[in-house]
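Down below is the structure, laid out as structure tokens.
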Amino acid sequence: MSTGTKPIFSRRKFLVGAAGTIIAGGFYARFAESQRLRVSRHAVRLAEAPAPTTKLRIVQLSDLHASSVVPLEFIAEAVTLALAQKPDLIALTGDFVTDSQTGPAGYAAILARLAAAAPTFACLGNHDGGVARPKAPSNPSIQPVVDLLTRANIPCLVNVSHTLTVNGCRLQLIGLGDLWSAMCSPEIAFARTPPRDGATRIVLNHNPDAKDLLRVHDWDLMLCGHTHGGQVRLPFFGTPFAPVTDKRYVEGLHRWENRWLHITRGVGNLHGIRINCRPEISVLDLA
């Protein structure tokens, strides 16, 4: 017998509500979270290495991914926020573009602001060129990105090192080629690196999975990107889409075999989406 009242909950209402939730979530992931830059901060004590005589601030940016979903205006905003941290040294750890360069002249002018403020060095990522990437490459040559960085006065370290002194701290920066692009050759890079002589050794390397190739080499801190922090972080499931084999190292600062490994979430993204994983500029204070 009918009571004459309408059901409180119906399949149609459920579907409408679910669709609305999905649309709202998609809007947030695309137009809100992916645009909300944050600053992460880490104190790094190099207990097993020659310690810097004074505190050294490194700002790391990675995975800028200039593209239709990561406009140059957003990258410029990230650069402004990075410079506001007053870095002594700036490290850029790859994936400057997604598939092709976007306005190279304007892009170079934005990146040049970093080099004008502090010593700035870069390594390359899997989207920056190389014929051995997992998918068919649209950037078979690394030269366009190298030229972009050169135009911005930023040395690009591909299996080479650079020695410098910052704030009284002697540093050896060792830049590696990308792992997925079959260009990561630490044996070449370290062979080209002079003896430590009291220097702190910092490795610039896009993909944290390459750490296993560096196990036999002598270094203190490795700065990586590539993962986007997982880009999508799900309750109970974590970061199932993180493009690394070793899911223990998707973001943040980690102790690894008496050394430090830092993976930043990066600035840009692929496909314009981030969920529970805001883009970031990373600040590391060495002491």
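Here the structure is a predicted model, which means the values were calculated and not measured.
- Side-chain contact of Q35 with R274: a donor-acceptor pair under 3.5 Å is absent, judged by distance alone.
- Atoms CG and CD, on L204 and Q60 in that order, are 8.0 Å from each other to the nearest 0.5 Å.
- Inter-residue side-chain proximity for V70 and L64 is flagged as unmet; no heavy-atom pair is nearer than 4.5 Å.
- Side chain of N159 to main chain of L176: no donor-acceptor pair is present (N/O by atom type, distance under 3.5 Å, no hydrogens or angles).
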message: I'd like to know whether D220 forms a salt bridge (Lys or Arg N to Asp or Glu O under 4.0 Å) with R196, so could you lay out the CA-CA distance, the side-chain angles of the two residues, the decisive distance to 0.1 Å, and finally the verdict.
response: CA-CA 11 Å; D220 307 309; R196 266 185 184 267; 2.8 Å; yes
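- Applying the side chain to side chain contact (heavy atoms under 4.5 Å, CB included) test to P195 and every residue at least two apart in sequence or in another chain returns nothing.
- Under the side-chain contact (heavy atoms from CB on, under 4.5 Å) rule, V267 has a single partner from D63, D95, L37, which is L37.
- A salt bridge is defined here as a Lys NZ or Arg NE, NH1 or NH2 lying under 4.0 Å from an Asp or Glu carboxylate O, and R233 with E251 meets this definition.
- If you take CE on M222 and CZ on R201, they are separated by 14.5 Å, rounding to the nearest 0.5 Å.
- Centroid-to-centroid, the aromatic rings of H42 and H262 come within less than 6.0 Å.
- Within a 6.0 Å sphere centred on NZ of K247, other residues, nucleotides and ligands contribute more than 12 heavy atoms.
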- request: Please lay out, stage by stage, how L213 and C184 fare under the test side chain to side chain contact (heavy atoms under 4.5 Å, CB included).
  value: CA-CA 9 Å; L213 299 179; C184 183; 4.2 Å; yes
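- Panel note: side chain D128, backbone F96; a donor-acceptor pair is recorded below 3.5 Å.
- Side-chain atoms of R41 do not come within 3.5 Å of backbone N or O of L284 as any donor-acceptor pair.
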- request: Quick one: do L234 and N276 satisfy side chain to side chain contact (heavy atoms under 4.5 Å, CB included)? Show the steps, please.
  value: CA-CA 7 Å; L234 303 174; N276 295 326; 5.6 Å; no
message: Before you tell me yes or no, could you show the steps for I110 and L72 under side chain to side chain contact (heavy atoms under 4.5 Å, CB included), namely the whole-Å CA-CA distance, both residues' side-chain angles and the distance that decides it to 0.1 Å?
response: CA-CA 8 Å; I110 292 168; L72 292 183; 3.8 Å; yes
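- With values rounded to the nearest 0.5 angstrom, C123 atom SG is found 8.5 Å from L92 atom CG.
- You'll find the side chain of I90 stays beyond 4.5 Å of the side chain of I58, heavy atoms only.
- Remark: the backbone N or O of R45 is paired with a side-chain donor or acceptor of W260 at under 3.5 angstrom.
- No side-chain donor-acceptor contact under 3.5 Å links T200 and Q172.
- Scanning both residues, G230 and A242, for their nearest heavy atoms gives CA-CB, 4.1 Å.
- The shortest non-hydrogen separation linking N205 to G177 is OD1-O, 4.3 Å.
- Contact between P119 and V166 at its shortest, heavy atoms only, is CG-CG2, 4.5 Å.
- Listed here is the closest heavy atom pair of A82 and P87: O-CD, 3.7 Å.
- Between K211 and D246 there is a salt bridge, with a side-chain nitrogen of the basic residue lying less than 4.0 Å from a carboxylate oxygen of the acidic one.
- The OG atom of S185 sits 8.5 Å away from the CZ atom of R192 when rounded to the nearest 0.5 Å.
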message: As a quick check of understanding, evaluate side chain to side chain contact (heavy atoms under 4.5 Å, CB included) for V203 and L223, giving each step before the final call.
response: CA-CA 6 Å; V203 176; L223 304 178; over 6 Å; no
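- The backbone N or O of R278 sits less than 3.5 Å from a side-chain atom of R265, completing a donor-acceptor pair.
- In terms of heavy atoms, G272 sits closest to S34 at O-OG, 3.8 Å.
- Judged purely by atom type and a 3.5 angstrom limit, T227 uses its side chain to pair as donor or acceptor with the backbone of V250.
- The line from NE2 of H162 to CG of L171 is 9.5 Å long, rounded to the nearest 0.5 Å.
- If you chain together hydrophobic residues whose side chains sit under 4.5 Å apart, I275 and L270 never meet in one group.
- The shortest distance between side-chain heavy atoms of L61 and E280 does not fall below 4.5 Å.
- A distance-only check finds no donor-acceptor pair linking the side chain of Q85 to the backbone of V59 [under 3.5 Å].
- With contacts defined as side-chain heavy-atom distances shorter than 4.5 Å, the pair N207/V244 qualifies.
- Atom CG of L149 is separated from atom CZ of F121 by 12.0 Å, given to the nearest 0.5 angstrom.
- Relative ring orientation between W256 and W219 is described as parallel, the plane-to-plane angle staying below 30° on a 0-90° scale split at 30° and 60°.
- Side-chain contact between R151 and L111 is absent, with no heavy atoms from C-beta onward closer than 4.5 Å.
- Counted by atom type alone, H65 and T98 present one or more donor-acceptor pairs between their side chains at under 3.5 Å.
- Looking at H226 and N126, their side chains do bring a donor and an acceptor atom within 3.5 Å of each other.
- Contact detail for A115 and A152: the closest heavy-atom pair is CB-O, 3.5 Å.
- You'll find the side chain of W180 stays beyond 4.5 Å of the side chain of H127, heavy atoms only.
- At a threshold of 4.5 Å between side-chain heavy atoms, the hydrophobic network of Ile, Leu, Val, Met, Phe, Trp and Tyr places L157 and I188 in two separate groups.
- If you check the side chains of D178 and H206, you find no donor sitting under 3.5 Å from an acceptor.
- With contacts defined as side-chain heavy-atom distances shorter than 4.5 Å, the pair V97/S67 does not qualify.
- Contact of the T93 side chain with the C224 side chain is not registered, since no non-hydrogen atoms from C-beta on lie closer than 4.5 Å.
- Using a distance-only test at 3.5 Å, with no hydrogens or angles considered, a donor-acceptor pair links the side chain of R259 to the main chain of R215.
- Judged by distance alone, the side chains of R113 and T80 do bring a donor and an acceptor atom under 3.5 Å apart.
- In this structure, L261 is not a member of the same hydrophobic cluster as V216, with clusters built from ILVMFWY side-chain heavy atoms closer than 4.5 Å.
- Checking side-chain atoms of S141 against main-chain N and O of Q143 turns up a donor-acceptor pair under 3.5 Å.
- A salt bridge between K55 and D285 is absent, with no side-chain N of the basic residue lying under 4.0 Å from a carboxylate O of the acidic one.
- For the pair T193 (side chain) and A191 (backbone), a donor-acceptor distance under 3.5 Å is absent.
- Side-chain contact, T264 with S62: no donor N or O sits under 3.5 Å from an acceptor N or O.
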